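Below is one structure, written out as structure tokens, with a few remarks after it.
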Amino acid sequence: MAGLSPNVKHDESLLRTGDESDVLVRCGDQSWQLHKVILSSRCLYFKTGLKTSWLLGDPLYYYIDERDVQAVWWIIIWIYVGCLPSELLAEDGSQFTSCLRLIRCSRTFLLPDLAAHAEHKLHEASQKMMIDAQTAFYEAEDSDEQFAVSLELTNFFEGVKKVYEDADLESEKQYFLGVVQHAHFWPLLDRTFEEKAREHTIFWTDLMSLQQQAIADGAYWPYWKPEECCNCQGSPWTSQDPPRSTHWATLKLVKGKCQATCNRCASEEEVRKVWSELWGEEDEEGRKLPPVAEEEADKEEEGPSSSSGGDAEDDGLMSARKEVEEKERKKLEWLLKVGGTAIPSETRMALWKKVDEMRQAAQG
């Protein structure tokens, strides 16, 4: 891999050659000559596993009970070099299904950084397809035949099938529903897309629920093609921004007139609003603590409660705290979905990691 530091290059060489290997790791019909110190120091799953009696023979032999052998190989690459080439995620299918496999496997192997990386890639793939869907709607002469050539529907619906069959990927359904929802349900006008969507009954039902909500909110305008943003008077299709970075964010009825807002204008306003809710206003000393952190800091200063109703009160506080944390996580997820280029890349990655950690804590 190009651009690796000397230390990482050394570890990549150890992975590639198997030199100085002290453990043979096997999964399915594949095996790799690896190194206990690297595995244990960078992955809690291996740190725990390599201390148990699962190690057999001489040289040491470690078996991983995981059906997705390819995803395990990606895990190992990440442990050794700390990155995955973009083309690697697409070598065994679409980016949608590859990212989903990696998300599930990285959670099994307790690698939140990798889960955040894969989640970010899945978000990018869904954003690209959503913008493709908007573009196809604009370019199609017949709204009944929009996507047969311009979108890789087979790959998309393979991802739909995976998230609806795997309970561990429940939270990832939002990306596939979001492609249709944030394309303002224009894909549902296409015969091919509708036929494929109907093959996945629960997915179709979820889409219909979202569509009904959009109708109730006055945000459903299936055949309307906006010409300009009501704020900047620009259009995503004539924008000077990088390709595939702009789209219609909202369609709504205002004072009896249909109006559209591009994602640049919607993001700048909404990101500032949510960011302020999460972190407070900026001051001379930098950003304030998030609301949840402020509450916990206050509680630490006050010390433990001396009231007699201890257990019941603690349960109530715990429940309230979980509710607050769930709201904060949903705000972060929403912020990442709408923020786009308004959020710096490094900040985006850090926030994806935080979201995944919050999910893991909630499930624990």
Side-chain angles (χ1 to χ4, degrees), residues 84 86 89-90 93-104 106-107 114-138 146-147 150-166 168-188 190 192-193 196-197 200 202-204 206-207 209-211 214 236 241-251 262-264 266-267 270-271 329-330 332-343 345 348-349 351-353 355-356 359:
L84 289 173
S86 297
L89 287 176
S94 73
Q95 190 171 20
F96 283 111
T97 53
S98 296
C99 287
L100 290 171
R101 292 164 58 194
L102 195 54
I103 289 169
R104 189 190 64 78
S106 61
R107 290 171 181 167
L114 180 53
H117 175 75
E119 192 102 25
H120 176 65
K121 290 294 184 183
L122 182 60
H123 170 71
E124 287 184 340
S126 65
Q127 280 288 99
K128 175 185 177 298
M129 185 159 184
M130 181 271 292
I131 296 174
D132 280 347
Q134 290 199 14
T135 304
F137 175 70
Y138 263 74
Q146 302 174 47
F147 311 118
S150 58
L151 293 178
E152 296 180 352
L153 293 183
T154 300
N155 291 334
F156 174 78
F157 282 104
E158 284 177 358
V160 169
K161 180 180 179 181
K162 194 167 185 65
V163 295
Y164 277 87
E165 289 181 348
D166 192 334
D168 293 335
L169 296 172
E170 175 73 22
S171 59
E172 277 64 47
K173 291 178 181 177
Q174 61 178 311
Y175 296 105
F176 297 88
L177 293 168
V179 167
V180 182
Q181 181 182 18
H182 299 307
H184 310 294
F185 303 97
W186 290 331
L188 298 183
D190 177 72
T192 303
F193 190 97
K196 288 184 173 292
H200 305 273
I202 303 178
F203 176 64
W204 178 258
D206 288 345
L207 285 178
S209 297
L210 291 172
Q211 187 185 65
D241 285 353
R244 301 192 183 283
S245 65
T246 54
H247 57 274
W248 293 122
T250 62
L251 307 180
C262 71
N263 65 304
R264 293 165 297 169
S267 296
E270 295 298 330
V271 167
R329 180 181 66 79
K330 288 181 177 179
L332 279 175
E333 289 180 339
W334 181 89
L335 177 67
L336 286 161
K337 283 194 286 185
V338 303
T341 55
I343 306 176
S345 178
R348 236 182 0 254
M349 287 294 295
L351 291 177
W352 278 121
K353 180 180 177 181
V355 165
D356 195 71
R359 284 179 185 159

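Only this structure's heavy atoms are used, side chains among them; waters, hydrogens and symmetry mates stay out. Fair warning: this is a prediction, and the values are worked out from it, not measured in the lab.
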If we ignore hydrogens and angles and just use 3.5 Å, is the side chain of Arg107 paired with the main-chain N or O of Asp168 as donor and acceptor? yes

With a 4.5 Å heavy-atom cut-off, do [X] and [Y] have their side chains touching?
X: Leu169; Y: Tyr164; answer: no
X: Leu210; Y: Phe185; answer: yes
X: Phe156; Y: Asp132; answer: no
X: Arg104; Y: Glu172; answer: no
X: Leu122; Y: Leu102; answer: no
X: Trp248; Y: Phe137; answer: no
X: Asp166; Y: Leu100; answer: no
X: Trp204; Y: Leu188; answer: yes

Once you round to the nearest 0.5 Å, how far does [atom1] of [X] lie from [atom2] of [Y]?
X: Lys161; Y: Phe176; atom1: NZ; atom2: CZ; value: 13.5 Å
X: Lys128; Y: Gln95; atom1: NZ; atom2: CD; value: 9.0 Å
X: Lys121; Y: Ser98; atom1: NZ; atom2: OG; value: 12.0 Å
X: Asp206; Y: Gln211; atom1: CG; atom2: CD; value: 13.0 Å
X: His120; Y: Glu124; atom1: NE2; atom2: CD; value: 3.5 Å
X: Phe203; Y: Lys196; atom1: CZ; atom2: NZ; value: 12.5 Å

Phe157: what forms a ring pair (Phe, Tyr, Trp, His ring centres under 6.0 Å) with it, not counting sequence neighbours?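 Phe157: ring pair (Phe, Tyr, Trp, His ring centres under 6.0 Å) contacts with Phe193, His200.
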
List the residues meeting ring pair (Phe, Tyr, Trp, His ring centres under 6.0 Å) with His184, not counting sequence neighbours, and say none if there are none.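 Expected list: Trp186.
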
I'd like to check the salt bridge (Lys or Arg N to Asp or Glu O under 4.0 Å) partners of Lys173; sequence neighbours left out, ordered by chain and number.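 With sequence neighbours excluded, Lys173 shows a salt bridge (Lys or Arg N to Asp or Glu O under 4.0 Å) to Glu170, given in chain and number order.
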
Can you list the residues that meet the side chain to side chain contact (heavy atoms under 4.5 Å, CB included) rule with Ala183, with sequence neighbours excluded?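 Only Met130, Ala133, Gln134, Pro187 meet the side chain to side chain contact (heavy atoms under 4.5 Å, CB included) criterion with Ala183.
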
Looking just at side-chain N and O atoms, do His123 and Gln127 make a donor-acceptor pair shorter than 3.5 Å? no

Ring centroid separation Phe96 to Tyr175 under 6.0 Å: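 No - the distance between ring centres of Phe96 and Tyr175 does not fall below the 6.0 Å cut-off.
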
